[in-house]
Amino acid sequence: MEIALAALGERLGLEVFGDGTRVVRAVSSPDEPREDALCVVWDERLQLPAEVPVLASRGAFSPGRDGLISERPREVLPRLLAFFAPPVPDRRGTHPAAVVAEDAVVDAEAWVGPHAVVGAGTVIEKRARVEAGAYIGAGCRVGEGTLVEPRAVLLDNTRVGKNCILHSGCVLGCDGFGFLPSAEGLVKIPQIGGVVIGDAVEIGACSTVDRGTLGDTVVGDGTKIDNHVQVGHNVRIGRFCILCSMSGIAGSSVLEDGVTLSVQAGVTDHVRIGRGAVLAARSGVTNDIPAGAVMSGFPARPHGTAKRAQMLAAELPELFKRLRRLERALKDAGEGAKREEEIHGD
């Protein structure tokens with residue numbers, strides 16, 4: 001891929017600064033700038049060699065610098081990277097090594113790769129891609145334009161919307177973790193529900209979404225789930241939520257629209273997290289969280305309160321020393337007063 005700055009600016013709707021005929025062949029990082037690659041910069045304090053072309057705000061340019069002007073370069077970056085990304089192979093049909101049930105419906109414009117499995121009654125919609133080694137169980141639906149990467153697993157009764165990305169190794173529709181204690185031990189509770197994934201959802205590698213015990217586990221439109229995330233049975237996740245790596249949600253909890261779970265945040269069962277709330281890294285949610293709250297710590301509490309508690313905790317050793325000194329001083333004063341009373345008493 002190579003393109004002149006003027007042509008690239010026209011595609012992105014950006015103004016050219018300097019030589020518009022200059023050709024760029026890639027996008028580079030500020031850590032590894034290249035003369036033949038466009039470097040996206042949103043910190044004007046960053047010093048780059050003058051010969052490196054940049055996509056930056058107007059204030060970052062000086063005479064001799066070539067590039068494209070945007071007052072919001074960070075927002076342009078996804079479109080720029082998409083332009084230089086390798087093209088998606090236009091594959092259609094079913095590979096001879098795939099296993100597709102007789103009553104499954106695979107659209108003529110969809111693709112089912114080698115050694116992929118598509119179960120009974122499953123529907124693979126237009127332009128969906130089921131890559132090599134993926135497993136789609138019975139009664140599933142893979143929506144238009146959705147990508148199921150190699151080794152991803154959709155177990156029975158999992159329905160996925162349009163334009164989703166299911167990364168390698170994710171498992172949707174596995175058993176919820178449900179057991180009933182009894183005199184004979186732990187009795188497994190059958191999980192007979194399903195999973196419903198909305199449109200434009202992304203689910204990372206090695207993440208799991210359990211099917212419901214009764215009813216469905218639901219992930220709303222536009223939600224993005226990182227790698228190694230656990231979503232328990234009958235959880236309901238709203239639209240445009242962000243679940244970062246190693247976070248987990250126990251059964252039957254509800255995340256309203258726009259909730260963010262940072263790295264290693266944990267949510268207990270049967271709680272509700274309000275719209276737009278943010279859980280900081282390693283937060284532990286044990287009760288309902290109001291809309292818009294920013295919480296941290298365990299148990300999760302308002303972030304300002306948690307920070308103050310951490311600051312005080314750091315001072316505990318010194319406070320303990322001061323307390324011991326005060327105790328000794330009080331003890332010495334008490335003993336002194338007692339001796340003086342004894343002397344005067346005599």
Side-chain angles (χ1 to χ4, degrees), residues 117 119 122-124 128 130-131 134-143 146-179 188-273 279 285:
V117 174
T122 286
V123 176
I124 311 295
V130 179
E131 298 293 353
Y135 177 90
I136 315 291
C140 295
R141 179 177 291 272
V142 178
T146 285
L147 168 61
V148 183
E149 288 190 348
R151 303 288 184 180
V153 174
L154 280 65
L155 295 170
D156 295 356
N157 199 25
T158 296
R159 289 143 287 164
V160 180
K162 300 177 181 179
N163 301 315
C164 296
I165 301 175
L166 309 179
H167 288 277
S168 295
C170 71
V171 181
L172 312 184
C174 44
D175 266 5
F177 193 69
F179 297 90
K188 185 173 179 63
I189 301 172
Q191 309 288 299
I192 62 174
V195 170
V196 176
I197 306 294
D199 297 337
V201 171
E202 187 161 344
I203 299 179
C206 300
S207 289
T208 55
V209 180
D210 294 347
R211 66 174 175 264
T213 307
L214 296 168
D216 297 319
T217 303
V218 178
V219 178
D221 296 345
T223 284
K224 312 300 180 185
I225 299 177
D226 198 358
N227 303 331
H228 297 278
V229 172
Q230 162 67 18
V231 178
H233 56 220
N234 293 104
V235 166
R236 302 186 71 85
I237 298 174
R239 302 169 69 240
F240 306 115
C241 294
I242 297 174
L243 278 60
C244 294
S245 180
M246 292 182 282
S247 57
I249 310 169
S252 299
S253 284
V254 176
L255 276 62
E256 296 181 2
D257 294 348
V259 168
T260 297
L261 298 188
S262 301
V263 173
Q264 294 185 341
V267 179
T268 192
D269 58 293
H270 294 86
V271 300
R272 177 178 288 270
I273 300 179
L279 279 299
V285 176

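FYI, the numbering just counts along the sequence from 1. Quantities reported herein were computed from a predicted structural model and do not represent experimental measurements.
- Closest heavy-atom contact between Thr122 and Gly139: OG1-N, 3.4 Å.
- For Cys241 against Gly238, the heavy-atom pair with the smallest separation is SG-O, 3.8 Å.
- One distance of note links CG of Leu155 with CD1 of Ile136; it measures 9.5 Å at 0.5 Å rounding.
- Nearest heavy atom pair, residue Pro150 against residue Ser168, reads O-OG, 2.9 Å.
- Taking OG1 of Thr213 as the start and NE2 of His233 as the end, the distance is 4.0 Å to the nearest 0.5 Å.
- Pairs of residues two or more places apart, or lying in two chains, that qualify as side chain to side chain donor-acceptor pair (under 3.5 Å) and include a residue from residues 214-229 are Arg159-Asp216.
- When side chains are defined from C-beta on, Val267 does not count as touching Val235, because their heavy atoms never get closer than 4.5 Å.
- Across every non-hydrogen atom of Ser253 and His270, the tightest pair is OG-N, 3.1 Å.
- Residue Leu172 holds its CG atom at 10.0 Å from CG of Asp210, rounded to the nearest 0.5 Å.
- In this structure Gln264 satisfies the side chain to side chain donor-acceptor pair (under 3.5 Å) test together with Arg282, sequence neighbours excluded.
- In this structure the side chain of Ile249 reaches within 4.5 angstrom of the side chain of Ile237, judged on heavy atoms.
- Taking CG of Leu255 as the start and CG of Leu279 as the end, the distance is 8.0 Å to the nearest 0.5 Å.
- Arg236 pairs by the salt bridge (Lys or Arg N to Asp or Glu O under 4.0 Å) definition with nothing, not counting sequence neighbours.
- With rounding to the nearest 0.5 Å, the separation of CG in Asp269 from CG in Asn234 is 11.5 Å.
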Side chain to side chain contact (heavy atoms under 4.5 Å, CB included) between Leu147 and Glu131: does it pass, once the steps are laid out?
CA-CA 8 Å; Leu147 168 61; Glu131 298 293 353; 3.8 Å; yes
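- For Arg272, the side chain to side chain donor-acceptor pair (under 3.5 Å) partners are Glu256, not counting sequence neighbours.
- When all heavy atoms are compared, the tightest approach of Gly143 to Ala128 is O-CB, 3.6 Å.
- Partners of Asp156 according to the salt bridge (Lys or Arg N to Asp or Glu O under 4.0 Å) rule, which considers only residues two or more places apart in sequence or in another chain, do not exist here.
- Between Cys170 and Gly204, the shortest heavy-atom contact is CB-O, 3.4 Å.
- Here CD1 of Ile225 is found 10.0 Å from CG of Leu166. Values are rounded to the nearest 0.5 Å.
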Just do the side chain to side chain contact (heavy atoms under 4.5 Å, CB included) check on Val231 and Leu243 with the steps written out, would you?
CA-CA 10 Å; Val231 178; Leu243 278 60; 4.2 Å; yes
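- Among pairs with a residue in residues 199-209, those fulfilling side chain to side chain donor-acceptor pair (under 3.5 Å) read His167-Glu202, Thr208-Gln230, at least two apart in sequence or across chains.
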